[in-house]
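One structure below.
All chains are named by letter (A, B, ...) in the order of the sequence lines, taking the proteins before the strands, and each is independently numbered beginning at 1.
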Protein chains: 4
Amino acid sequence: MEAILDAAVRVLKRDGVSAITTNRIAEIAGVSIGSVYQYFPDKRAIFIALHRRHVEEIDRRIEQTVIAHAAAPLEALLRAMVEAVVEAHSADPVLHELLSTQVPHRGDGTREFAQRLQGVFRLAISARTNELGRRRPERLAFVLAHMLDALGHGAALRRPPELSLAEAKQEAVRAMLTYLKA
Amino acid sequence: MEAILDAAVRVLKRDGVSAITTNRIAEIAGVSIGSVYQYFPDKRAIFIALHRRHVEEIDRRIEQTVIAHAAAPLEALLRAMVEAVVEAHSADPVLHELLSTQVPHRGDGTREFAQRLQGVFRLAISARTNELGRRRPERLAFVLAHMLDALGHGAALRRPPELSLAEAKQEAVRAMLTYLKA
Amino acid sequence: MEAILDAAVRVLKRDGVSAITTNRIAEIAGVSIGSVYQYFPDKRAIFIALHRRHVEEIDRRIEQTVIAHAAAPLEALLRAMVEAVVEAHSADPVLHELLSTQVPHRGDGTREFAQRLQGVFRLAISARTNELGRRRPERLAFVLAHMLDALGHGAALRRPPELSLAEAKQEAVRAMLTYLKA
Amino acid sequence: MEAILDAAVRVLKRDGVSAITTNRIAEIAGVSIGSVYQYFPDKRAIFIALHRRHVEEIDRRIEQTVIAHAAAPLEALLRAMVEAVVEAHSADPVLHELLSTQVPHRGDGTREFAQRLQGVFRLAISARTNELGRRRPERLAFVLAHMLDALGHGAALRRPPELSLAEAKQEAVRAMLTYLKA
DNA sequence: CATGAATGAGTGTTCATTCAT
DNA sequence: AATGAATGAACACTCATTCAT
């Protein structure tokens with residue numbers, strides 16, 4: 001099963017979306033087409049599994065980061081989360097791009113990253129009521145989640161040439177902190 | 001040509017991506033399949049044109065907003081831009097979603113929205129040096145562009161149930177202003 | 001594979017070249033169109049295989065004739081070869097005509113019949129040096145191959161009404177013998 | 001009309017048979033597709049005209065040769081006819097090959113060259129009864145026509161490397177004369 | 001006469017899926 | 001469980017032909 005998904009990724013990266021045929025995936029995976037259908041009911045299921053695997057990998061990193069910084073000051077947490085998001089997008093930017101722009105998704109149960117991040121932030125914020133006061137947490141989470149998603153993604157992949165990666169990350173943290181402290 | 005693109009949109013919204021066949025587009029557009037191929041070399045070209053049209057429509061709105069507020073105070077400009085982005089995403093959220101998640105793109109010359117926004121912001125910032133000081137404009141533009149993209153998109157489509165649209169927009173403006181004034 | 005080629009021939013003879021569509025071939029062959037493409041990469045490949053099969057069949061007859069008359073006097077050999085060529089053209093004149101005038105070929109590795117015959121004759125001549133003398137064998141082969149091809153083909157298909165098949169064959173042999181003995 | 005046929009030839013030679021579309025012919029000819037249909041009822045008609053033009057050109061040469069040598073000795077006539085056939089095949093061997101192997105024909109009223117040649121030879125033979133005696137002219141014509149066709153064509157295009165063009169032509173004449181004098 | 005946009009039947013080909021072995 | 005030959009619906013695309021201008 002893992003081999004099949006890996007094969008799908010390999011085909012995707014080597015030859016593009018239009019080359020992903022079930023037969024080709026089977027061939028690259030080194031199994032028969034029949035075996036592919038033993039594990040996946042149809043082609044969509046392969047795409048969904050591909051997305052889910054990718055999403056779970058990223059979510060795991062984020063959760064670990066939050067847990068690791070449960071007791072840390074806010075700035076450290078945010079810095080770590082920016083780091084995590086940038087890494088996630090840097091790790092395999094090509095795959096990430098292809099997966100989100102080329103491979104039909106939605107319809108898998110996966111909400112978008114920014115949406116999932118909001119939940120994470122609500123928990124992190126609730127745990128820091130004394131530091132942040134009793135402002136509406138869903139509002140903070142909404143803004144922070146979107147800032148983190150966009151700035152992390154942007155720092156990794158959409159920086160202007162004059163901006164170094166370190167500067168972009170630093171600026172992302174600064175912007176989020178400024179917002180929180182206002 | 002416009003009729004063909006409209007037909008493609010109609011098919012896309014009515015029956016989903018997998019229903020967009022060149023023959024079906026022609027049928028809905030009320031032209032023969034031959035005529036479709038007189039104007040578009042192949043199916044991909046239809047998708048690219050669809051994207052380009054959509055992107056140009058959004059860019060036009062943004063530009064008009066910036067021009068209309070060229071002399072206005074920063075807060076008014078930001079408020080108007082948030083409004084424009086939210087509207088763009090609200091106008092036809094289904095089409096927008098489908099276009100960016102279902103229809104294979106890239107390979108048209110279109111950079112992502114956040115990237116195009118950075119350019120717009122650099123101009124707007126350069127024109128307000130006296131108000132903003134001489135801080136590095138590409139850095140400000142980088143952050144603002146990503147905030148606007150993410151928060152605008154989020155306000156329209158990813159709000160938590162406790163947050164009204166007006167509140168989300170207001171908060172987006174506030175966050176951007178806070179960042180700028182820090 | 002053989003069934004597919006047979007079907008192609010059947011379609012060709014029944015309905016003419018323009019009726020040979022891959023789907024029709026599959027239908028007549030009693031296999032699915034998918035199976036046709038499992039064995040032939042594209043339509044041209046079917047034509048090429050058709051030609052090759054036809055050519056090989058004829059070449060086999062010629063070779064057998066030569067072998068069978070390896071020790072026979074020249075006249076007997078020539079008589080047998082005329083017979084073989086006439087038969088080849090008479091056996092299925094329609095198919096032969098269609099194959100060479102209607103079905104695009106060349107590009108398969110097949111040289112023309114007259115060219116292949118030259119090789120055969122060179123061998124047959126080399127084996128009869130004592131009977132024929134040491135005249136340049138490639139010159140004899142050149143003339144004989146072309147005479148055999150043309151007169152055999154002509155006897156089968158282009159006889160004037162006053163000339164019986166037997167007479168035409170007899171005259172062909174006579175002409176070739178006369179040339180050889182001059 | 002001539003321009004259209006020329007364009008067809010140009011397309012044929014440049015891009016092969018499968019590239020000959022009526023629209024392309026019109027484009028290369030510099031006329032509109034409508035005009036093509038003003039002069040030719042359909043595509044087949046273009047092919048037929050192409051063949052007819054080619055055939056008439058060759059037939060004209062043969063006739064001129066026969067007329068020019070009406071009073072000449074047999075050997076001179078045969079030598080001149082071999083020359084004419086070789087020239088016809090050498091002039092534009094590519095076009096000739098394509099026309100006879102790639103472009104569907106038959107169904108135009110044109111009989112094959114060897115068949116048309118038989119008629120020519122019958123006349124030439126009848127005019128030389130005193131030289132040739134009263135042998136059955138259709139039999140002589142049958143053999144000579146096929147020899148001329150095959151050896152002329154072969155001398156131009158299917159010579160073995162050891163045989164020069166001059167030798168091949170000389171041998172063709174010799175073979176025909178030998179046959180006639182036997 | 002000329003034009004060329006429009007037509008649409010028909011073609012080659014693909015590829016997700018099945019199922020007997 | 002694994003195989004892979006076979007399937008055939010469905011698709012993108014072509015191109016001979018028409019006809020209003």
Exercise. Should C:R24 and C:E27 count as an ion pair when the cut-off is N to O under 4.0 Å?
Worked result: yes
Exercise. What is the distance, rounded to the nearest whole Å, between atom CZ of C:R24 and atom P of E:dT13?
Worked result: 18 Å
Exercise. Can you check whether C:H54 reaches C:L50 side chain to side chain, under 4.5 Å on heavy atoms?
Worked result: no
Exercise. So, do D:T21 and D:K43 sit near enough that their side-chain heavy atoms are less than 4.5 Å apart?
Worked result: no
For this session: Give the rounded distance in Å between these two atoms: CG of B:D15 and P of F:dA10.
Result: 14 Å
Problem set entry | Between F:dA16 (C1') and D:E27 (CD): distance, integer Å | 16 Å
For this session: Pick base, sugar-phosphate or nothing for C:Y39, based on heavy-atom distances below 4.0 Å to the nucleic acid.
Result: sugar-phosphate
Problem set entry | B:R61 bridged to B:E57 by N-O distance under 4.0 Å | yes
Problem set entry | Euclidean distance, atom CZ of residue D:R44 to atom C1' of F:dC15 [Å, nearest integer] | 18 Å
Seminar exercise, completed: Ranking A:G34 and A:K43 by the position along DNA chain E of their nearest nucleotide, the one closer to 5' is A:K43
For this session: Can you measure from CD (D:E2) to CZ (D:R53) and round to the nearest 0.5 angstrom?
Result: 4.5 Å
Problem set entry | Of B:V36 and C:A19, the one whose closest DNA chain E nucleotide lies more 5' | B:V36
For this session: Provide, to the nearest angstrom, the distance between the CD atom belonging to D:Q38 and the P atom belonging to E:dG4.
Result: 14 Å
Exercise. Toward the 5' end of DNA chain F, which comes first, C:S35 or B:T21, by nearest nucleotide?
Worked result: C:S35
Problem set entry | Any side-chain heavy-atom pair of C:T22 and C:Y37 under 4.5 Å | yes
Exercise. If you find the nucleotide of DNA chain F closest to B:D42 and the one closest to C:V31, which residue's nucleotide is nearer the 5' end?
Worked result: C:V31
For this session: For DNA chain F, just give me the dot-bracket, please: Watson-Crick or G-U, both distances below 3.5 Å, ( ) intra-strand, [ ] crossing earlier pairs, | paired with another strand, . unpaired.
Result: .||||||||||||||||||||
For this session: When you get a sec, tell me which of F:dA12, F:dA9, E:dT3 is the closest nucleotide to the side chain of B:Y37?
Result: F:dA12
Exercise. Quick one: is E:dG12 close enough that its OP1 or OP2 comes under 4.0 Å of any side-chain N or O from C:T22?
Worked result: yes
Exercise. So does C:S32 get a side-chain nitrogen or oxygen closer than 4.0 Å to the phosphate oxygens (OP1/OP2) of F:dT7?
Worked result: yes
Exercise. side-chain contact (heavy atoms from CB on, under 4.5 Å) between D:V31 and D:Q38: does it pass, once the steps are laid out?
Worked result: CA-CA 11 Å; D:V31 300; D:Q38 205 99 42; over 6 Å; no
